[in-house]
Student: 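Can you keep this structure in mind? I'll have questions shortly.
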Amino acid sequence: MCSIIAYAGQRVAAPMLVQGLKRMEYRGYDSVGLATISNKHILVKKGVGKVEEVNKSLGLEKMNGSVGIGHTRWATHGGVTDTNAHPHQNCKNDIAIVHNGIIDNYSELKKSLIARGHKFRSETDSEVIAHLLGDFLHKKYDIKKAMINITKKLKGTYAFVAVFDDGTVAGARFDEPLIVGISKDGYFVSSDVLGFIEHTDKAIFLDNDEFVILNDNGHAIFNFDGSKVKKQVTQIAWELADAEKGRFAHYTLKEINEQKHTIINALFSKDSKLDEFCDVVAGAKRVVLTGSGSSYNAALIAKQLFSKYAGIHCEAVISSEFQYASGLLDKDSVLIAISQSGETADLLQAVKIAKASEARILSIVNTPTSSLARTSDLFLGINCGPEIGVAATKSFTAQLALIYRITDILSGQKLCPNKSDVERAIGKVLNDTKNIANIAEKIKYIGNIYILGRGLHFPVAIEGALKLKELVYVHAEGLPAGELKHGPLALMDENTTVIMLNPDDETYSDTLSNVHEIKARGASVIGVSNVNSNKYDNWIKIPKAKDILYPILEVIPLQLLAYHTALKRESNPDYPRHLAKSVTVK
Ligand code: AGP
């Protein structure tokens with residue numbers, strides 16, 4: 001996923017575009033570029049690297065003009081090169097475009113454009129947008145018409161913004177987020193509110209099949225058929241400070257530490273829609289949970305909790321697998337979609353499929369203005385503030401906490417956690433950094449690591465493994481401890497490291513037997529538990545707590561371990577290679 005930003009107004013565009021791209025860099029960070037207009041001339045500067053580096057080497061911030069566009073790339077089509085970086089231009093260089101998404105029919109469009117004499121400079125799918133617009137405007141210089149025509153031609157998912165040498169800016173959205181920011185001295189267009197949060201909290205969220213035109217007459221929004229659309233201006237809840245690192249070296253560490261507040265907020269959420277949400281779940285003939293990555297791991301925990309404490313049996317389906325699971329839903333069913341960003345393409349497709357079978361759509365989301373929140377029948381916010389670090393940390397535990405809250409209501413208050421107990425326990429695990437940094441030193445060069453747990457600890461084992469994969473680039477596997485003797489035990493020898501999630505709840509004694517079996521094969525074991533054991537080579541102590549709270553208390557040390565091990569391997573925990581924060585393409 002890439003990030004797009006544009007500005008048209010009275011101020012010099014480039015410095016604001018560069019700052020906006022820095023805030024959205026978590027969306028994609030392999031190359032950067034800007035295009036600005038001054039004296040009816042489009043100047044383009046772009047290069048491989050992160051915003052800071054390219055800005056320094058090319059002086060992006062110094063580009064003139066009060067109209068401009070910018071982009072950070074996460075390559076899908078064409079390698080990571082200066083030429084493939086955005087913006088891209090048409091042959092006459094009087095148009096420049098930036099694009100997020102995938103144009104599925106780009107090669108046939110490209111072929112027909114080349115047949116009509118167009119010369120392509122990059123290997124990207126995106127460049128066809130610039131040439132197509134040029135082609136339409138060549139016939140008749142009517143930007144609105146050109147936008148109507150191009151949206152008829154393009155197939156795939158896209159949010160693109162084009163700038164024309166007459167100073168006009170135009171942007172369109174189909175299955176990729178695009179937002180207009182309204183400030184007192186001009187307009188922004190961006191993939192994410194963070195792109196312009198420094199300048200305004202007034203935004204218009206474009207829906208699918210809509211485009212916007214910014215020119216001297218201000219802004220106008222149209223449907224793809226050209227009919228004008230009146231849109232509501234939304235006040236953004238997030239503050240700029242929420243998107244700053246503050247005293248922390250990395251967003252990931254800041255967000256891990258914010259959990260002492262974010263978990264409590266979600267666990268004791270007073271959301272007015274909670275009861276209605278629970279009534280819909282309780283009244284459904286069938287409940288299916290879905291999500292991707294960490295959000296799917298939260299769905300696995302919800303499945304166990306709803307069944308164990310509320311007697312509601314449900315399925316948990318990975319969003320990217322949803323399209324292959326036919327006949328899952330009907331009008332008496334409910335889909336609970338879980339997502340931090342609310343923009344994950346696989347999940348939005350699962351929601352589309354569920355809507356087609358008339359199921360009700362409930363969602364648990366962090367971004368209240370996201371596509372998921374806006375397309376759901378009812379959504380609950382986890383309200384943990386913007387999460388910038390690519391690895392989900394505070395959003396995962398806030399999802400769990402809200403799922404506990406829902407389970408508590410569905411079960412007639414069977415859980416009822418005690419606020420001060422929870423606060424104390426979280427404080428303790430967040431302070432165990434010294435021990436965890438020592439363990440990180442020991443494991444920093446291992447090639448494989450296995451995380452084992454039973455019951456609710458199994459999905460946490462998968463989540464912990466995901467953090468190590470994302471931040472440490474190590475082969476990490478989450479396994480149900482009970483499966484050990486059915487195969488994985490063969491992997492255990494003196495070169496193997498295992499993290500055992502083993503607090504003293506109903507799973508304790510069986511899991512401890514597994515520790516003995518693993519130690520008998522010479523492997524080293526890191527125990528995560530409130531009880532130490534002489535079988536552990538390293539012990540990560542978590543406080544004694546209500547059984548229900550152990551998944552939250554044991555995942556935080558796993559987040560910290562991944563963070564500190566990444567530092568030991570000198571990789572940047574905020575921007576892991578090849579990944580991006582919200583996966584808006586399938
Ligand atoms: C988790 O650390 C990853 N960032 C990723 O797996 C993420 O959970 C997944 O892409 C789902 O994102 P979402 O919650 O924004 O839908």
Side-chain angles (χ1 to χ4, degrees), residues 1 24-29 74 175-177 191-192 194 250-253 255-256 259 262 266 289-302 316-322 335-351 361 363-376 379-400 402-403 459-460 462-473 476 478 555-556 558-563 566 572-586:
M1 352 322 88
M24 296 191 288
E25 200 157 23
Y26 65 82
R27 297 175 57 88
Y29 34 86
W74 190 83
D175 273 358
E176 298 290 352
S191 304
D192 188 315
L194 291 178
H250 297 99
Y251 285 109
T252 306
L253 184 63
E255 288 152 8
I256 290 174
Q259 293 177 108
T262 52
L289 297 141
T290 192
S292 302
S294 294
S295 295
Y296 173 66
N297 298 335
L300 287 174
I301 291 185
V317 181
I318 292 178
S319 297
S320 54
E321 289 293 312
F322 206 92
L335 177 76
I336 302 178
I338 305 177
S339 175
Q340 186 285 126
S341 62
E343 299 294 352
T344 299
D346 290 321
L347 178 112
L348 293 175
Q349 185 199 35
V351 168
I361 310 297
S363 60
I364 294 175
V365 67
N366 188 33
T367 316
T369 50
S370 62
S371 307
L372 175 64
R374 289 184 290 123
T375 192
S376 301
F379 78 88
L380 294 178
I382 59 173
N383 308 327
C384 66
E387 187 174 64
I388 311 280
V390 168
T393 53
K394 63 176 181 176
S395 65
F396 178 70
T397 52
Q399 286 167 346
L400 291 196
L402 186 56
I403 287 165
V460 177
I462 303 174
E463 176 61 11
L466 179 60
K467 297 300 100 153
L468 287 164
K469 286 175 185 144
E470 289 184 280
L471 300 186
V472 184
Y473 316 148
V555 78
I556 297 174
L558 300 178
Q559 296 166 350
L560 284 166
L561 186 62
Y563 172 79
N572 182 336
D574 284 349
Y575 302 110
R577 67 185 186 192
H578 312 331
L579 294 180
K581 182 66 185 169
S582 73
V583 184
T584 61
V585 288
K586 278 179 48 183

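Both counts, for ligands and for their atoms, begin at 1 and track the order of listing. Residue numbers run from 1 in the order of the sequence given. For the numbers below, each heavy atom of this structure counts, side chains included, while hydrogens, waters and symmetry mates do not.
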Student: Where is the nearest protein heavy atom to atom 10 (O) of ligand 1: which residue, which atom, and how far?
Tutor: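 The closest one turns out to be Val583 CG2, 3.8 Å.
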Student: Quick one: closest heavy-atom pair of Ala398 and Cys384, and the distance?
Tutor: CB-CB, 4.1 Å
Student: Leu347 near ligand 1, heavy-atom distance under 4.0 Å?
Tutor: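 It does not, in that no heavy atom of Leu347 comes within the 4.0 Å cut-off of ligand 1.
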Student: Considering only protein heavy atoms, which is closest to atom 12 (O) of ligand 1, and at what distance to one decimal place?
Tutor: Thr344 OG1, 3.5 Å
Student: Could an N or O of ligand 1 be found under 3.5 Å from any N or O of Val390, whether backbone or side chain?
Tutor: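 Between Val390 and ligand 1, an N or O pair is found under 3.5 Å apart.
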Student: Between atom CD1 of Ile256 and atom OH of Tyr563, what is the distance when rounded to the nearest 0.5 Å?
Tutor: 7.5 Å
Student: Walk me through whether Leu347 and Tyr296 qualify under side chain to side chain contact (heavy atoms under 4.5 Å, CB included).
Tutor: CA-CA 10 Å; Leu347 178 112; Tyr296 173 66; over 6 Å; no
Student: Ion pair present between Glu387 and Lys394, side-chain N to carboxylate O less than 4.0 angstrom?
Tutor: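 So Glu387 does not pair with Lys394 through a salt bridge.
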Student: Check ligand 1 against Gln340 and write out every atom of the ligand that is under 4.0 Å from a heavy-atom position of the residue.
Tutor: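 Ligand 1 atoms under the 4.0 Å threshold to Gln340: 13 (P), 14 (O), 15 (O), 16 (O).
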Student: With atom 11 (C) of ligand 1 as the reference point, say which of Ala298, Ser292, Gly293 has the nearest heavy atom.
Tutor: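 Ranked by closest heavy atom to atom 11 (C) of ligand 1, first place is Ser292.
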Student: Distance to 0.1 Å, residue and atom name: give those for the protein heavy atom nearest to atom 8 (O) of ligand 1.
Tutor: Ser294 N, 3.0 Å
Student: Any sub-3.5 Å donor-acceptor pair from Thr290's side-chain atoms to Val317's backbone N or O?
Tutor: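 Side chain of Thr290 to backbone of Val317: a pair is present.
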Student: Are any of the N or O atoms of Ala391 closer than 3.5 Å to those of ligand 1?
Tutor: no
Student: Applying side chain to side chain donor-acceptor pair (under 3.5 Å) to Asp574 and Thr252, what does each step give before you reach the verdict?
Tutor: CA-CA 6 Å; Asp574 284 349; Thr252 306; 2.6 Å; yes
Student: State if Ser582 counts as touching ligand 1 under the rule of any non-hydrogen atom under 4.0 Å.
Tutor: no
Student: Run the side chain to side chain contact (heavy atoms under 4.5 Å, CB included) check on Ile382 and Val365 step by step: do they pass?
Tutor: CA-CA 6 Å; Ile382 59 173; Val365 67; over 6 Å; no
Student: Which of the numbered atoms in ligand 1 are under 4.0 angstrom from any heavy atom belonging to Ser341?
Tutor: 13 (P), 15 (O), 16 (O)
Student: If you measure every N or O of Lys467 against every N or O of ligand 1, does any of those distances drop under 3.5 Å?
Tutor: yes
Student: Distance from Ser582 atom OG to Glu343 atom CD, nearest 0.5 Å?
Tutor: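 So the gap between those two atoms works out to 6.5 Å.
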Student: Please check whether Glu470 reaches ligand 1 - meaning an N/O of the residue sits under 3.5 Å from an N/O of the ligand, judged on distance alone.
Tutor: yes
Student: If we ignore angles and hydrogens, is there a donor and acceptor under 3.5 Å between the side chains of Ser292 and Asp346?
Tutor: no
Student: Number the atoms of ligand 1 from 1 as they appear, then name those within less than 4.0 Å of a heavy atom of Ser339, with their elements.
Tutor: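 Reading through ligand 1 atom by atom, the close ones are 13 (P), 14 (O), 15 (O), 16 (O).
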